[in-house]
Protein chains: 2
Amino acid sequence: MKLRSTQKDVAEMAGVSRATVSYVLSKRQDGNIRISDDTRNRILQAVEKLEYRVNVTARGLKTKRTHLLAVLVPDLSNPFYPVLIRGAQKAAYEADHRLIVFDSFSTPEGERDFLEAALHHIADGLILSSFYLEQRDIKHLLASGIPTVGVGPRLWGSGVDVVQTDQLQAVRAVIDHLVSRGRRRIAHIAGDLTTLNGQLRLEGYRLALRVHGLEPNERLVVEGKFRREGIAERVDSFLASFAPGELPDAIFAANDVMAIEAMKAVRRRGYRIPDDIAVCGIDNIPEAEYVEPPLTTIGNDVELMGREAVSMIVDRIRHDSVKDPECREFPFELIERNSS
Amino acid sequence: MKLRSTQKDVAEMAGVSRATVSYVLSKRQDGNIRISDDTRNRILQAVEKLEYRVNVTARGLKTKRTHLLAVLVPDLSNPFYPVLIRGAQKAAYEADHRLIVFDSFSTPEGERDFLEAALHHIADGLILSSFYLEQRDIKHLLASGIPTVGVGPRLWGSGVDVVQTDQLQAVRAVIDHLVSRGRRRIAHIAGDLTTLNGQLRLEGYRLALRVHGLEPNERLVVEGKFRREGIAERVDSFLASFAPGELPDAIFAANDVMAIEAMKAVRRRGYRIPDDIAVCGIDNIPEAEYVEPPLTTIGNDVELMGREAVSMIVDRIRHDSVKDPECREFPFELIERNSS
DNA sequence: CTGAAAGCGCTAACAT
DNA sequence: ATGTTAGCGCTTTCAG
């Protein structure tokens, strides 16, 4: 590591004290302090000449701010999250913050590692797509005073802010759509049922069916894990388990990546989509538009969620806010495409 | 922000000095210093009781290490990069580092913002997927002494380490494949030609054609930007510009996202893939496997590249290494699927 | 308008 | 085997 010039160097070169340098550089207008143009220019010149840049670590030690926000996601290879992250980054950038990204690989250990890092105050704020952290973990976070926003309904009530869309309603919209298309034997590829999201979507599926006078049938439910791996195989054997006349006429998957995998299996077994079996997902990942046939799904403005999450955090950081936790809900939209 | 306990608190509670606490906690074995079990236990207990955690900022100020690695990518929504990041994260985690992720949105400004942040020493090392940074930018980086590895051939020669695969060879493999399948009128959707990667792939395309005695035809080249946007439309009008008998019989796109967009356009115009027109890409993004028909492409172990990039950086960090820049080359593989 | 001085929490010689 | 001490580079009262 090369030796960097410090404020002291700048101060000496400009012939002023270090405090003055600090003052000029942090150019906050609040005070009644005024620096003469001459002094200011000398300082700025010295900065230029020495290629001086503030040491963010030293500043952080003093100000207790890292200007870092940490984002926990369960699976970076699920396109939902990069979109969220992009939105977050845009907002973070505007607020002069950077993003630490952490992929938990959907494991409790990954989430705990993140928690541990967070508790070390590696960041000024947290965005949490968590499936496994529990109330007592969140308690630690709350106690630490690090502004945190959860993505999805799961953390709502635990004391942190939350951005989410109404899961039950979203699922309802899909089922309504499917039923309106004449589908009656609607199967569900559930997400990880140890997670609230998985449970909620399954629950929503059952609720919606009943609304239409359809009795949920356990045989029509397969559990997935929200991930790509193994879904095609599972759906394949799922489909194989039905007598020809009793085949489901629709598959509703708890997210798009599983829906797309399901499509693969459906086609592999020689059924047509949507003629024989309609397929729907949730998330509206970019891929959903590009698969064949394009996937009907539920979309919402994930990038906006990312931005809002950051803005909620930054708000709390800025105002050292202690107001009650807030749940910001985002609208969703049924995106009808040819898979249904 | 809540008040955290400090080493001083721990020291007082354990009845020892702060140095001893520091020593026990950083448990480096190097010295001839030995702490009695009794003392150690008292300290550990105090740590426990006080829920003490080191202040990474303070440590960083002292040690001049942030334990952060910054990753610049041009486009997080291109699945190539999340995979790279995951690989990087795994390796980073093992080496006790975290990742700052920065999406430049493929803009020079984005890249310069990143550079500026990097020059502020926000991270101990950098992974750079850069299209626009120039030699003089890199010079600053080099001068700063921050270990840096470039992704792709572009930065090779500028003084930083590099991970890459042989672009020319990779393109060659695709063209060989297409020709062996009897294709002769092979079109190319080029990447951004202001970038080395774009140029290299176009160049490789021409070279490979000539090897097979095919004369490159400028009419068969469309320029894209490596991004999804607008490609389908462009390919659509590209195809429309040909008389029925003169249609290309293959399209080779400079990356998968463009190839997939091209497939859309091809189908939209009523041509069959691969019967009428074969389509190939480069990258082997997950999506390539799931589109219909699955896309023939060039794959390499991107996750491994991410890991290796980190390991090269960590190596330099650990040893304050000044050895010559290294170019680590990764093998690629032609993945034949039904689109060709 | 500018300077002096204290101290953020930690590490690493150097003492003892 | 443990304690003392001197900063790391910066911000921020408080005096002048």
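Because the structure is predicted, anything quoted here is derived from the model rather than measured. Quick note on labels: first sequence line is chain A, next is B, and so on, each numbered from 1.
Remark: B/Arg136 engages B/Glu134 in a side chain to side chain contact (heavy atoms under 4.5 Å, CB included) (not counting sequence neighbours). Qualifying side chain to side chain donor-acceptor pair (under 3.5 Å) partners for A/Gln135, counting only residues two or more places apart in sequence or in other chains: none. Annotation: side chain to side chain contact (heavy atoms under 4.5 Å, CB included) contacts of B/Arg42 (sequence neighbours excluded): B/Ala14, B/Val16, B/Asp38, B/Thr39.
Of the candidates C/dT2, D/dT2, D/dT12, the closest approach to any side-chain atom of A/Thr20 belongs to C/dT2. Relative to the side chain of B/Lys62, the nucleotides D/dT2, D/dT11, C/dC10 differ in distance, and C/dC10 lies closest.
The 12-atom threshold is exceeded at NE2 of B/His120, counting heavy atoms of other residues, nucleotides or ligands nearer than 6.0 Å. Under a cut-off of 6.0 angstrom, the local environment of CZ in A/Phe105 is crowded, with over 12 non-hydrogen atoms contributed by other residues, nucleotides or ligands.
Under 4.0 angstrom from either OP1 or OP2 of D/dT11 there lies at least one side-chain N or O belonging to A/Ser22. Contact annotation: B/Thr39 side-chain N/O to D/dT2 OP1/OP2 distance is under 4.0 Å.
Contact between A/Ser130 and A/Leu155 at its shortest, heavy atoms only, is CB-CD2, 4.3 Å.
What separates NZ of A/Lys64 from P of D/dT12 is a distance of 12 Å, to the nearest Å. Here the P atom of nucleotide D/dC10 and the NE2 atom of A/His67 are 15 Å apart, to the nearest Å. Going from atom CG of A/Leu61 over to atom P of D/dG7 covers 17 Å, rounded to whole Å. If you take CZ of A/Arg4 and P of D/dG9, they are 8 Å apart, rounded to a whole angstrom. For the pair B/Tyr23 OH and C/dA12 P, the interatomic distance rounds to 10 Å; values are reported in whole Å. Spacing between atom CD of B/Gln7 and atom C1' of C/dT11 amounts to 8 Å, rounded to whole angstrom units. Rounded to whole Å, atom C1' of C/dT2 lies 13 Å from atom CZ of A/Arg40. Straight-line distance from the CZ atom of A/Arg42 to the C1' atom of C/dT2: 11 Å, rounded to whole Å.
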Show which side-chain atoms of residues 70-77 of chain B pair as donor or acceptor with protein atoms under 3.5 Å away, not counting sequence neighbours.
residue : atom : partner : partner atom : Å
B/Asp75 : OD1  : A/Arg86 : NH2          : 3.0
B/Asp75 : OD1  : B/Ser77 : N            : 3.1
B/Asp75 : OD1  : B/Ser77 : OG           : 2.7

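For the atom pair A/Gln7 CD and A/Thr20 OG1, the distance stands at 10.0 Å (nearest 0.5 Å).
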_side chain to side chain contact (heavy atoms under 4.5 Å, CB included) assessment of A/Leu99 paired with A/Tyr93_ = CA-CA 9 Å; A/Leu99 254 38; A/Tyr93 180 76; over 6 Å; no

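Axis angle between the ends of the helix from C/dC1-D/dG16 to C/dT16-D/dA1, five pairs each and rounded to 10 degrees, works out to 40°.
Taking a 4.0 Å limit (strictly below) on heavy-atom distances, residues 45-59 of chain B does not reach DNA chain D anywhere.
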